[in-house]
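Comments concern the structure below.
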Amino acid sequence: MMKSILLTGGAGFIGSNFIPYFLNENPEIQIINIDKLTYAGDLDNLKFVEKHENYTFVEGDICERNLIETLFLKYDFNGIIHFAAESHVDNSITNPDEFIRTNVFGTFTLIDVARNYWMEAPYKYKDEYKSCRFHHISTDEVYGTLGSTGLFTENTPYAPNSPYSASKASSDFIVRSYFHTYGMDVVTTNCSNNYGPKQHNEKLIPTIIRKALAEDNIPIYGDGKNVRDWLYVLDHCKGIELAYRKGSSGETYNIGGRNERNNNQIASKICEILDIKVPRKNGESYEKLITYVNDRPGHDLRYAIDATKIETELGWKANENFETGIEKTILWYLKKYNIT
């Protein structure tokens, strides 16, 4: 009998890259994708799989307990892979309440419904649900900020600095508590900054590409020296699939690209590639469009992940470095905007 997984937030950037990959790797599993279709969700991202026999889409809110319970009864889920989250830091500064609701209460609703459905009592799964797992996808931002050296490991103390990262830290703790209190089979992955096809326009790399092609000023926060560890989205998807299938229960796995770049370097590299592929009519470099704007409040200086644990324990490794990944990303956006 085919097993069913509830996947949340699959119309978003990472989820919509993950679903085709997972369906291809796991033909014996059916995915039911629930997404609220906020501004960040786009069903066009899933055109490739919408008619797949093992894929079903449900429009809905993970905070609606009755809906989640109804879906469990209908599809008899054997696992949850939980992507759904409000994730844009700037938005969390202006509207923190939605982040708390979705990221904290939504995660609680999902895991609590799953516990009631799969388990008879703490540390006692119903016989037919002994292999059921809750996989929670989180972020490196829960660890706060790094100085000029050092890396985040799975043992780094939490120190979230934005409403977004605080809400994700809270959701991580909820998942952890259900492992320790109820004995639920859970796994958490914390990733570094993702980039690649299907990313929402508001994020840094799509913004740089979009503004450059429109001959608009390319906005860079502060002095542009904030550093992130950049992870190509498909490499992240491979890590999630590995952790879901093979990760040890109760464990956290950090997934990072080992590709530290500051925002100035990101912007310059994109401009350099665009200068070759789509030269400006005035003959100048796109770099001339880079403009520094007021910094984000509480902007963390540097994130970087030590991915040794998932590399050694589960055999994961990134296939893309930043140079190869950004080339693929730019080509995807040029195709999206019908620029050849």
Side-chain angles (χ1 to χ4, degrees), residues 5-19 31-43 45-46 57-72 77 79-117 134-143 158 160-178 184 186-191 193-194 198-203 233 236 240 244 252 296-298 300:
I5 285 177
L6 177 63
L7 189 143
T8 71
F13 166 44
I14 302 172
S16 64
N17 278 279
F18 180 79
I19 288 172
I31 284 180
I32 288 77
N33 168 27
I34 183 172
D35 197 295
K36 191 178 174 183
L37 295 181
T38 64
Y39 75 97
D42 185 353
L43 287 181
N45 289 341
L46 292 161
F57 174 72
V58 176
E59 184 174 350
D61 186 343
I62 59 170
C63 295
E64 291 182 15
R65 190 181 188 97
N66 288 344
L67 172 60
I68 302 302
E69 289 173 340
T70 300
L71 292 175
F72 263 85
F77 298 123
I80 295 179
I81 302 180
H82 176 35
F83 287 91
E86 294 285 345
S87 68
H88 193 45
V89 177
D90 286 358
N91 293 348
S92 83
I93 294 168
T94 52
N95 296 301
D97 51 338
E98 194 58 37
F99 284 70
I100 302 303
R101 180 180 179 276
T102 298
N103 298 355
V104 182
F105 187 69
T107 300
F108 161 71
T109 301
L110 284 169
I111 200 167
D112 198 57
V113 171
R115 175 180 67 88
N116 288 330
Y117 191 82
F134 186 100
H135 183 146
H136 176 57
I137 286 112
S138 191
T139 171
D140 59 358
E141 297 194 34
V142 297
Y143 300 122
Y158 275 36
N161 290 325
S162 70
Y164 162 60
S165 56
S167 69
K168 289 299 289 185
S170 302
S171 66
D172 293 7
F173 288 149
I174 289 166
V175 173
R176 174 189 166 90
S177 76
Y178 272 61
M184 276 191 78
V186 306
V187 68
T188 297
T189 48
N190 295 71
C191 67
N193 275 41
N194 279 222
K198 306 181 186 178
Q199 191 166 23
H200 193 274
N201 275 345
E202 70 190 2
K203 300 290 189 172
V233 65
H236 185 200
I240 293 167
Y244 178 75
T252 294
R296 166 193 290 161
D300 289 339

Checking [X] side chain against [Y] main chain: does a donor-acceptor pair fall under 3.5 Å?
| X | Y | value |
| --- | --- | --- |
| Asp35 | Ala11 | yes |
| Asn45 | Phe13 | no |
| Gln199 | Asn194 | yes |

Euclidean distance, [Y] [atom2] relative to [X] [atom1], rounded to 0.5 Å:
| X | Y | atom1 | atom2 | value |
| --- | --- | --- | --- | --- |
| Asn33 | Ser16 | CG | OG | 9.0 Å |
| Tyr143 | Asn161 | OH | CG | 14.5 Å |
| Glu59 | Ile34 | CD | CD1 | 9.5 Å |
| Leu110 | His136 | CG | NE2 | 10.0 Å |
| Leu46 | Leu43 | CG | CG | 6.5 Å |
| Thr189 | Asp140 | OG1 | CG | 11.5 Å |

Atom of [X], atom of [Y] and distance for their closest heavy-atom approach:
| X | Y | value |
| --- | --- | --- |
| Lys168 | Ser171 | O-OG, 2.7 Å |
| Asp172 | Ser138 | OD1-OG, 2.8 Å |
| Ile68 | Asp61 | CD1-O, 4.4 Å |
| Ile31 | Leu7 | CG2-CB, 4.0 Å |
| Ile111 | Val186 | CD1-CG1, 4.1 Å |
| Ser167 | Phe99 | CB-O, 3.7 Å |

Under-4.0 Å salt bridge between Asp42 and Lys198: no
is_close_aromatic(Phe77, Tyr117), centroid dist under 6.0 Å: no
Ring centre gap for Phe134 and Tyr178 strictly below 6.0 Å: no
Side-chain touch [X]/[Y], heavy atoms, less than 4.5 angstrom:
| X | Y | answer |
| --- | --- | --- |
| Leu37 | Phe57 | yes |
| Tyr244 | Ile5 | yes |
| Arg65 | Asp112 | yes |
| Arg176 | Thr188 | no |
| Ile62 | Thr109 | no |

Donor-acceptor pair between His82 and Thr8 side chains, under 3.5 angstrom: yes
Heavy atoms of other groups near Arg101 CZ, more than 12 under 6.0 Å: yes
Of Asn116, Ile80, Leu67, the residue whose pairing with Phe72 passes side chain to side chain contact (heavy atoms under 4.5 Å, CB included): Ile80
